[in-house]
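Data first, discussion second: the structure below is written as structure tokens.
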Amino acid sequence: MKFKKIVGVDETLLNASALEQLRSLGEEVFMYHDFPLQEKEIIDRIGNADCLLVSFRTLITRAVLDACPNIRYIGMCCTLYDPSSCNVDVIEAYRRGITVLGVKDYGDEGGCRVCNL
């Protein structure tokens, strides 16, 4: 899958090798190394991105999804359990046809029943 714009909306702690691989998957790659404090800041960071990477600390709500309609993939750089404990509105994302997955080999051996991880 090739993306026009990949945004790491917060500090995901991806290593140099992973960041290099991202550059081969997206025409543009923007990585942030802090945590947005307001929903508006999250929306501004994502903008017109079609691929989003996010840690467990930043909320990707229905309002964020409404404001950023180009998103088609969300990579969660955290352990996934189920929709009630995810910081991403996984159910709404799936309803919109957005793929939500955990980043391969990231973190521990957790899994999300909804995400099939």
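Side-chain atoms are counted along with the backbone in the values below, which use heavy atoms only and exclude waters and symmetry mates.
Note that SG of Cys78 is 5.0 Å distant from CG of Asn87, once rounded to the nearest 0.5 Å. Rounding to the nearest 0.5 angstrom, the gap separating the CG atom in Asp10 from the OH atom in Tyr32 is 11.5 Å. Taking CG of Leu22 as the reference point, atom CZ of Phe30 lies at 13.0 Å (rounded to 0.5 Å). Separating the CZ atom in Phe3 from the CG atom in Asn70 is a distance of 12.5 Å, to the nearest 0.5 Å. To the nearest 0.5 Å, atom SG of residue Cys51 and atom CG of residue Leu25 are 8.0 Å apart. The distance from atom SG of Cys86 to atom CD1 of Ile91, rounded to the nearest 0.5 Å, is 9.0 Å.
Side-chain polar atoms of Glu11 and Ser55 form no donor-acceptor pair below 3.5 angstrom.
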Report the C-alpha separation of Met76 and Leu101 in whole Å, then their side-chain angles, then the decisive distance to 0.1 Å, and conclude whether the side-chain contact (heavy atoms from CB on, under 4.5 Å) test is met.
CA-CA 6 Å; Met76 296 181 66; Leu101 296 172; over 6 Å; no
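Across all their heavy atoms, Val9 and Thr58 have their closest contact at CG1-CG2, 4.2 Å. Closest approach of Glu92 and Leu65 over heavy atoms only: CG-CD1, 3.9 Å. When all heavy atoms are compared, the tightest approach of Val100 to Val90 is CG1-CG2, 4.4 Å. Closest approach of Leu14 and Leu53 over heavy atoms only: CD1-CD1, 3.8 Å. Between Ile46 and Val7, the closest heavy-atom pair is O-CG2, 4.2 Å.
Considering only residues two or more places apart in sequence or on other chains, Glu41 meets the salt bridge (Lys or Arg N to Asp or Glu O under 4.0 Å) condition with Arg45.
In summary, Arg96 and Asp66 engage in a salt bridge, as defined by a charged side-chain N under 4.0 Å from a carboxylate O. Taking the charged nitrogens against the carboxylate oxygens, Lys5 and Glu28 have no contact shorter than 4.0 Å, which rules out a salt bridge. Comment: Asp50 engages Arg72 in a salt bridge, judged by a side-chain N to carboxylate O separation of less than 4.0 angstrom.
Hydrophobic clustering places Ile60 together with Tyr94 (ILVMFWY residues linked when any side-chain heavy atoms are closer than 4.5 Å, directly or through intermediates). Hydrophobic clustering (side-chain heavy atoms under 4.5 Å, transitive across Ile, Leu, Val, Met, Phe, Trp, Tyr) groups Ile43 together with Val54. Phe35 and Ile74 are members of different hydrophobic clusters when ILVMFWY side chains are connected at heavy-atom separations under 4.5 Å. Residues Val88 and Leu59 are members of separate hydrophobic clusters, defined by side-chain heavy-atom contacts under 4.5 angstrom among Ile, Leu, Val, Met, Phe, Trp and Tyr. Following chains of ILVMFWY side-chain contacts shorter than 4.5 Å, one cannot reach Val64 starting from Phe56, and the two form parts of different hydrophobic clusters.
With hydrogens and angles disregarded, no donor-acceptor distance shorter than 3.5 Å links the side chain of Asp89 to the backbone of Thr61.
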